[in-house]
Amino acid sequence: MSDLATYRRLLARRQRRAVPAAARCHPYLAGEPLVIVGYHLAGEPAAPLALRYGTAPGRWRTVVVPEPRDRTLRFAALATFGADLRDHLAGFTDRDDVPVLDRRGVQTDTEQVCRRAPQLLVPNSTTAAWLCDTLGRSLRYLRTDGEHPVDPVLPAVGADLSFFATRRVLPGSALVLAAGDLLTTHWVTGQLPAEDANLHTALAWVDPQRVPAGASGSAGADGDPGWASGADGVAAALAAEALPPAGPVPDPHFDATRLAPAIERYHADGDPAPLTALLDEPLDPAWRATWRVRELVAALPAAAHAEPRWESDRRAWTRHLDRVAAGTAHFSARLDQLRAFRFLGELESRTAALERQMALDDPLVLAGYVASGEALSGQIVARDHERRELNARGSKVLRPLLRVRPRLAFDRPAGTELWLVDRPGVQVRTGVAGADGALECIVVKGMGRTPQQADAALPAIGADVVLAPFGPQPVFGDTLPEDLPWTHRTPEPDDGPDADAEDTAEPAGGPGPRHEATGERR
């Protein structure tokens with residue numbers, strides 16, 4: 001945890017209210033996300049109890065499995081959910097012609113890309129993993145013929161959920177969003193990071209005046225029967241601890257004292273209505289909290305790079321539809337050596353691209369780099385846009401000089417390369433600090449070829465600037481080194497009987513790099 005993050009957490013504790021960690025909404029928020037809240041039987045992830053899903057806070061459908069250990073009842077309920085999910089996804093198939101650009105930004109071709117992509121919104125990352133990974137893996141290879149055939153919608157929806165599983169782990173992807181992650185990205189609470197995993201308590205710190213009713217035992221103060229007033233973040237979080245968990249694992253005490261007797265009554269009379277009403281109790285707070293988080297995050301201005309990253313998701317969704325239509329939507333349970341190498345490379349490139357984009361989009365995120373000393377914030381106190389110096393060949397080249405008085409100590413060594421945040425093409429190389437504390441910064445790129453061009457390209461004296469280690473958007477190519485690490489080499493044919501077998505399945509972690517780390521098409 002950085003010093004700034006620690007300060008923000010202490011400040012939130014002192015103010016008894018969460019403090020902002022971001023001033024922009026960094027993930028793309030679709031107009032009508034499909035919110036899904038689910039629970040499974042404690043200790044049995046493949047035995048779902050209930051799913052509530054819908055595209056509006058006041059419009060949902062609840063599917064309950066009255067006996068989650070019964071295969072027939074379980075698959076019947078999942079078929080209902082699967083049919084509704086497939087109907088929802090069918091609304092995202094319309095396509096438009098979009099240009100294909102090369103590395104220089106020149107159009108080389110056009111391709112058909114879906115104009116919209118679906119977005120799943122769940123309470124927390126645990127629900128996302130259970131829904132997309134566990135359920136997707138358990139459904140995608142079910143047989144629709146043979147001794148125990150299942151509804152054909154189940155393997156189809158299993159493939160769709162597996163596709164979402166490949167995207168949810170990629171930094172910057174917004175096809176699957178978790179409300180808990182949205183909160184911790186944009187706000188810092190005054191409780192421990194481990195306590196932020198509880199969606200209700202984290203939300204109580206951010207919005208203490210809207211604590212779900214039942215947590216404090218009082219009725220809604222604003223006329224909404226589902227909400228009650230909270231005093232402050234600390235009191236609201238303590239009250240929210242009484243709420244049921246946001247899933248997918250329920251409270252074992254709830255299982256033993258209330259769920260088990262309800263299932264026994266269902267076996268006795270065959271009426272699932274009481275069990276459905278019982279499961280609405282834990283589903284409803286999570287459902288309301290998830291929508292409330294989206295409302296809070298959507299109130300922030302959209303980050304500039306959110307839309308380009310969403311374009312990458314739309315292209316991925318288009319490829320998935322093409323693979324489904326061609327019958328090639330296969331997914332490997334494990335990555336082979338080469339695919340693992342490419343997948344790790346994609347994770348690294350996407351992580352670096354996302355960190356850069358969030359810092360350039362958001363002053364509060366950038367402040368963390370200034371506080372840690374990785375970026376320099378200060379004021380231009382002097383400049384020489386006509387300065388020249390000798391290069392390695394003995395020729396004089398234009399190298400303007402900026403003198404920046406830092407607001408915080410900057411202890412990086414001389415020669416550190418930084419870029420102007422508001423003018424990403426301008427690169428400087430730090431020098432030494434003068435007696436007045438101002439730091440010399442030699443401009444090496446982005447100043448033009450003449451002093452007149454440099455005068456127009458560089459900030460004026462008295463201007464406030466931020467110099468950060470984020471230059472122009474890097475390009476991550478799909479290239480492999482000449483010698484792969486031994487951990488990622490394919491075995492020789494004589495190493496085993498299956499060495500020559502061809503694996504055409506898609507890795508569980510997703511396809512290799514396709515120049516999507518920047519949100520741009522190459």
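For the pair His186/Pro27, a side-chain contact is recorded, criterion being any heavy-atom separation below 4.5 Å from C-beta on. Contact check for Leu376 versus Leu439: side-chain heavy atoms found under the 4.5 Å cut-off. Between Arg168 and Asp133, some side-chain heavy-atom pair lies under the 4.5 Å cut-off. No side-chain heavy atom of Pro48 sits less than 4.5 Å from a side-chain heavy atom of Pro68. Considering only heavy atoms from C-beta on, Leu34 stays 4.5 Å or farther from Pro118 through its side chain. Counting heavy atoms from C-beta outward, Thr62 and Trp60 have side chains that approach closer than 4.5 Å. Residues Val37 and Leu51 fail the side-chain proximity criterion, which asks for heavy atoms closer than 4.5 Å. Between Leu408 and Ser377 there is no side-chain heavy-atom pair separated by less than 4.5 Å.
Atom CG of residue Leu259 and atom CZ of residue Phe254 lie 5.5 Å apart, to the nearest 0.5 angstrom. Rounded to the nearest 0.5 Å, atoms CG (Leu182) and CG (Leu29) are 7.0 Å apart.
The aromatic rings of Trp317 and Phe163 sit tilted, their planes meeting at an angle between 30° and 60°. Ring geometry, Phe470 versus Tyr369: the interplanar angle exceeds 60°, so the pair is classed perpendicular (tilted spans 30 to 60°).
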Step-by-step side-chain contact (heavy atoms from CB on, under 4.5 Å) determination, Thr290 to Leu199
CA-CA 8 Å; Thr290 302; Leu199 174 63; 4.1 Å; yes
Between Arg69 and Glu44, does a salt bridge (Lys or Arg N to Asp or Glu O under 4.0 Å) hold up when you go through it step by step?
CA-CA 9 Å; Arg69 291 158 294 195; Glu44 297 189 38; 5.4 Å; no
Could you walk me through whether Tyr39 and Leu283 satisfy the side-chain contact (heavy atoms from CB on, under 4.5 Å) test, starting with their C-alpha distance in whole Å, then the side-chain angles of each, then the deciding distance to 0.1 Å, before giving a yes or no?
CA-CA 8 Å; Tyr39 282 87; Leu283 290 174; 3.3 Å; yes
Apply the test side chain to side chain donor-acceptor pair (under 3.5 Å) to residues Asp313 and Ser173: give CA-CA distance (whole Å), side-chain angles for both, the deciding distance (0.1 Å), then the verdict.
CA-CA 6 Å; Asp313 286 330; Ser173 176; 2.9 Å; yes
Steps toward side-chain contact (heavy atoms from CB on, under 4.5 Å) verdict (His40, Leu135)
CA-CA 11 Å; His40 65 70; Leu135 286 186; over 6 Å; no
Does Trp187 form a ring pair (Phe, Tyr, Trp, His ring centres under 6.0 Å) with Trp205? I'd like the steps, not just the answer.
CA-CA 9 Å; Trp187 287 275; Trp205 278 92; over 10 Å; no
Tell me, with the steps shown, if Arg13 and Val234 meet side-chain contact (heavy atoms from CB on, under 4.5 Å).
CA-CA 8 Å; Arg13 183 68 185 186; Val234 176; 4.0 Å; yes
Pair Asp436, Arg403 - check salt bridge (Lys or Arg N to Asp or Glu O under 4.0 Å), show working.
CA-CA 10 Å; Asp436 58 352; Arg403 299 189 74 245; 3.1 Å; yes
Output, in order, the C-alpha distance, side-chain angles, deciding distance and verdict of side chain to side chain donor-acceptor pair (under 3.5 Å) for Arg314 and Thr318.
CA-CA 6 Å; Arg314 291 194 294 111; Thr318 304; over 6 Å; no
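In this structure a side-chain-to-backbone donor-acceptor pair under 3.5 Å is present from Thr201 to Glu195. At least one donor-acceptor pair closer than 3.5 Å links the side chain of Gln119 to the backbone N or O of Ala30. Between the side chain of Gln379 and the main chain of Arg405, no donor-acceptor pair closer than 3.5 Å is present. For Arg356 (side chain) and Gly471 (main-chain N/O), a donor-acceptor pair under 3.5 Å exists by modelled atom type. Although no hydrogens or angles enter the test, the distance criterion places a donor-acceptor pair under 3.5 Å between the side chain of Arg9 and the main chain of Gln191. For the pair Asp232 (side chain) and Arg16 (backbone), a donor-acceptor distance under 3.5 Å is absent.
With Val465 as the fixed residue, the side-chain contact (heavy atoms from CB on, under 4.5 Å) test singles out one of Val421, Val404, Leu402: Val404.
Here the shortest heavy-atom pairing between Gly31 and Arg294 reads O-NH2, 3.9 Å.
For Asp361 and His26, the side-chain atoms include no donor-acceptor pair closer than 3.5 Å. Side-chain N/O atoms of Glu67 and His267 include a donor and acceptor closer than 3.5 Å. Checking Asn124 against Thr127 by side-chain atom types alone, a donor-acceptor pair falls below 3.5 Å. For the residue pair Asp196 / Thr189, a side-chain donor-acceptor distance below 3.5 Å is found, with atom types taken as modelled. In the model, Arg309 has a side-chain atom that pairs as donor or acceptor with a side-chain atom of Gln357 under 3.5 Å.
Within 6.0 Å of NE2 in His253 there are 12 or fewer heavy atoms belonging to other residues, nucleotides or ligands.
Not a single salt bridge (Lys or Arg N to Asp or Glu O under 4.0 Å) links Arg116 to another residue, sequence neighbours left out. Qualifying side-chain hydrogen bond (donor to acceptor under 3.5 Å, both in side chains) partners for Asp84, counting only residues two or more places apart in sequence or in other chains: Tyr53, Arg61.
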